Amino acid sequence: MTASPKGTPHARASRLIPHSNSSHMSLVTRFAPSPTGFLHIGGARTALFNWLYARRMKGVFRLRIEDTDRQRSTPEAIEAILEGMQWLGLNWDDEVVYQFARAERHAEVAKQLVAKGLAYHCYASPEELEEMREQQRKAGKPIRYDGRWRDKPASDSRPNVPPVVRIKAPQSGETVIADKVQGEVRFSNEVLDDFILLRSDGTPTYMLSVVVDDFDMGVTHIIRGDDHLTNAARQRQIIDAMGWPAPTYAHLPLLHGEDGQKLSKRHGALGIHEYKNLGYLPETMRNYLLRLGWSHGDDEIISTQQAIEWFNLDSIGQSPSRVDFKKLDNLNGHYMRQASDAMLADGTMALLKAKGIAVTSDLHTKLVEAMPGLKERAKTLVELADGAYFLTAKRPLELDDKAKKLLTPEARAILRGAGKALEATDWSAQALDEATRAYAEQSALKLGAVAQPLRAALTGRTTSPGIFDVLVVLGRAESLGRIGDQAAG
RNA sequence: GCCCCCAUCGUCUAGCGGUCUAGGACGUCGCCCUCUCACGGCGAAAACAGGGGUUCGAGUCCCCUUGGGGGCGCCA
């Protein structure tokens, strides 16, 4: 069950991979998303693991955009991926590699394979192949290319039909992937067919491009989603045909939505920018994503620095995990409480601004001042901005339903008395506290009976940071004004 | 249909044959703290999918079943 290391590919890699101009060939990982959509949470985790491993091993982390699908790739998606990576703090080394730009190189490799007799031209039409698959389906046989052009002599070629290039895959024996997560995975070569390397228009397929790029980029460790596990066997065949060193693989179990179903748009597969908009912190995401499938004993709170020291491939779990927003919220709350008040105030300002609220340096000052009380009541920046309502509200305040209900005639009378008592005191938390308690005592009231009306009048809500802190942050004039507004009402 | 992967509390996980009457975290529930809500503290309920083996001994190893997931394109 536990994956164990099988051989030491790096040793061979250091000998064979090109452009190793230093005597010590370093480890290279890569993240290779295709820009057909946003960077979603599963991709982000894959990127994180690659990044952590490279940093841990003092290696190189590279980014490759697999934009060979010209129909579905968009510049917007590329931009979103790059921004997502930056927001997460996953900095990559070297230039970004764009796969499409390397098509010629890929085609060249395919041609080398044909020249070596390890790949061949196939003139079967798509229709013909579809029919073949249909028959295989009907017969309950495995669906794969039957090798009809594999051994035909060149003289059989169809002059007016552009052929595809297929790999001449081994037909017996097995292809073994020594995976750091899944262990040794064996595929009988009988189930692996002669897949296409080069399309009839001469462009390379994904399978070829990946292998060539990984080799050319010096990638030594491929950490990617489980959905590529069977691809690994095919890719391995290209690698072997070229006589290249095989990289170390680590196929991560896929992430599932909260309902256990495949991660889809409505099940948590939000673009990573959505998490930003939802008010989560990058460090939260790093910690959370790390714990989805990787563990270090019972540790839950793991700083990025600590993660870099601890991260390894052996502790990656083999089973898929679900995203859980409750836990994400809790973690975010932790990191927010730990964050500096100034940084949190900045984040809140940005959110308020986006909501069309006028932000001033005075507001920033107040936010920073109120932040200790605010941040322990919020799990996201969005909640923080919401909790800061009382700082941005203009008199007379709009009360929410609970606050309205709380301000009974009796409560308003208490407000009048409290207002008078406060008017006569120093405007410091301690003096305000003492004055309020004294007033409560002389009126034979519990402190809460005074504090809650005050809270409603001052914040428009029934929950807020400590009432004396609110008083101080709001200042004497504004506070008394708000109290007066409601005492009168 | 064929191939591959996976399976411990609701969720994330610890566990790498005996220390497991299965540990931690989130969530849930109760109590404490308390001007509200939080934070914090304390406590509770909550899991080895089922069946066969192997072994003196299995959550841990093997097989089967069941249940999830992935793959089987001139997509990536």
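We name chains A, B, ... by the order of the sequence lines, and we start the count at 1 in each one. Every value quoted in this text rests on a predicted model; they were computed, and no experiment measured them. Keep in mind that the numbers below use all heavy atoms, side chains included, and drop hydrogens, waters and symmetry copies.
Across all strands, A/Thr462 comes closer than 4.0 Å to base atoms (heavy-atom distances). The residue A/Ile467 sits close to a base: some heavy atom pair falls under 4.0 Å. As judged by a 4.0 angstrom heavy-atom cut-off over every strand, A/Pro465 is placed among the base-contacting residues. At a threshold of 4.0 angstrom between heavy atoms, the contacts of A/Glu300 include nucleobase atoms, whether or not backbone atoms are also involved. Contact annotation for A/His228: base contact, defined as any heavy-atom pair under 4.0 Å involving a base atom. A/Gly293 comes within 4.0 angstrom of sugar-phosphate atoms only, judged by non-hydrogen atoms across all strands, and of no base. Residue A/Ala124 is classed as a base contact, given a heavy-atom separation below 4.0 Å to a base. Note on A/Ser319: only backbone sugar-phosphate atoms sit closer than 4.0 angstrom, heavy atoms only; bases stay farther off. In this structure, A/Asn231 reaches the bases: a heavy-atom distance under 4.0 Å links it to at least one base atom across the strands shown.
Nucleotide B/U55 is matched to nothing when pairs are restricted to Watson-Crick or G-U wobble geometry with both distances under 3.5 angstrom. Under the Watson-Crick or G-U wobble criterion, with both distances below 3.5 Å, B/U66 is paired with B/A7. Pairing of B/U36, defined by two Watson-Crick or G-U wobble distances under 3.5 Å, is not identified with any nucleotide. When both pairing distances are held under 3.5 Å, B/C72 makes a Watson-Crick or G-U pair with B/G1.
When A/His106, A/Lys111, A/Arg105 are each tested for a side chain to side chain contact (heavy atoms under 4.5 Å, CB included) with A/Val109, only one passes: A/Arg105.
Counting non-hydrogen atoms of other residues, nucleotides and ligands closer than 6.0 Å to NZ of A/Lys168 gives a total above 12.
A donor and an acceptor atom never sit less than 3.5 Å apart when one is taken from the side chain of A/Thr205 and the other from the base of B/C74. Side-chain N/O atoms of A/Lys327 and base N/O atoms of B/C12 include a donor-acceptor pair closer than 3.5 Å. Within 3.5 Å, a donor on the side chain of A/Asp298 pairs with an acceptor on the base of B/G23, or the reverse.
In this structure, A/Arg137 pairs ionically with A/Glu130, as a charged nitrogen and a carboxylate oxygen lie closer than 4.0 Å. With respect to the salt-bridge test (charged N to carboxylate O, under 4.0 angstrom), the residues A/Lys138 and A/Glu134 do not qualify.
Looking at A/Arg158, its side chain does come within 3.5 Å of a backbone N or O of A/Tyr123 through a donor-acceptor pair. The closest donor-acceptor contact from the side chain of A/Arg144 to the backbone of A/Leu192 lies at 3.5 Å or more, if one exists at all. When atom types are taken as modelled, the side chain of A/Thr29 and the backbone of A/Asn50 share a donor-acceptor pair closer than 3.5 angstrom.
In this structure, A/Arg234 atom CZ and B/G70 atom C1' are separated by 12 Å, rounded to whole Å. Straight-line distance from the CE atom of A/Met132 to the C1' atom of B/C2: 14 Å, rounded to whole Å. A/His256 places its NE2 atom 8 Å from the C1' atom of B/G70, with the value rounded to the nearest Å. Residue A/Leu229 contributes atom CG, which lies 19 Å from atom P of B/C2 at whole-angstrom precision. A straight line from CZ of A/Phe325 to C1' of B/U28 spans 20 Å, rounded to a whole angstrom. Rounded to whole angstrom, the span from the CZ atom of A/Arg322 across to the C1' atom of B/G68 amounts to 9 Å. What separates CD of A/Glu174 from P of B/C4 is a distance of 10 Å, to the nearest Å. Taking atom OH on A/Tyr288 and atom C1' on B/U13, their separation rounds to 11 Å, with Å as the unit.
A/Thr46 and A/Arg224 share no side-chain donor-acceptor pair at under 3.5 Å. A/Thr203 and A/Asp201 share a donor-acceptor pair across their side chains, judged by distance under 3.5 Å alone. A donor atom on one side chain and an acceptor atom on the other are not found under 3.5 Å apart for A/Asn189 and A/Ser172.
Considering only side-chain atoms of A/Arg455, the nucleotide from B/U36, B/C12, B/G68 that sits closest is B/U36. Proximity note for A/Val185 (side chain, C-beta onward) versus B/C12, B/C74, B/C5: the nearest is B/C5. For A/Pro126, taking side-chain heavy atoms from C-beta onward, the closest of the listed nucleotides B/C6, B/A76, B/C74 is B/C74. In this structure, the nucleotide among B/C35, B/C2, B/C5 sitting nearest to the side chain of A/Gln182 is B/C5. With B/C3, B/G73, B/C35 as the candidates, the nucleotide lying closest to the side chain of A/Phe187 is B/C3. Side-chain atoms of A/Thr463 lie closest to B/C37 of the nucleotides B/C74, B/C37, B/G10. For A/Arg72, the listed nucleotide lying nearest its side chain is B/A76; candidates were B/G24, B/C74, B/A76. The side chain of A/Ile143 lies closest to B/G1 when the candidates are B/G1, B/A76, B/C12. Each of B/G68, B/C26, B/C6 was ranked by its minimum atom distance to the side chain of A/Lys326; first place goes to B/C26.
Residue A/Thr68 has a polar side-chain atom (N or O) positioned under 4.0 Å from OP1 or OP2 of B/A76. Distances shorter than 4.0 Å separate none of the side-chain N or O atoms of A/Arg291 from OP1 or OP2 on B/A25. The phosphate of B/A76 (OP1 or OP2) has no side-chain N or O of A/Ser73 nearer than 4.0 angstrom. Between A/Arg461 and B/C37, a side-chain N or O to OP1/OP2 separation shorter than 4.0 Å is absent. For A/Ser295, a side-chain nitrogen or oxygen approaches OP1 or OP2 of B/A14 to under 4.0 Å. Under 4.0 angstrom from either OP1 or OP2 of B/C74 there lies at least one side-chain N or O belonging to A/Arg133.
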Could you go step by step and tell me if A/Phe311 and A/Trp294 meet the ring-ring contact (aromatic ring centres under 6.0 Å, His included) rule? CA-CA 8 Å; A/Phe311 190 76; A/Trp294 182 86; 5.6 Å; yes
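Spacing between B/A46 and B/C6 at atom C1', rounded to whole Å, works out to 23 Å. As rounded to the nearest Å, B/C12 and B/A49 have P atoms that lie 14 Å from one another. Nucleotides B/G53 and B/G67 are separated by 23 Å at their P atoms, to the nearest Å. The same atom, P, is picked in B/A47 and in B/G24; the two are 14 Å apart, to the nearest Å. One C1' atom belongs to B/G10, the other to B/G27, and the distance between them is 8 Å to the nearest Å. Taking atom P in both B/C62 and B/C5, one finds a spacing of 12 Å when rounded to whole Å. Distance noted for atom P between B/A14 and B/G51: 25 Å (whole Å). One C1' atom belongs to B/C42, the other to B/G50, and the distance between them is 39 Å to the nearest Å.
The aromatic rings of A/Tyr275 and A/Tyr280 sit tilted relative to each other, their planes meeting at an angle between 30° and 60°.
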Contact letters for nucleotides 38-50 of chain B, in which S counts primed atoms plus P, OP1 and OP2 and B counts the base, heavy atoms under 4.0 Å: BSS----------
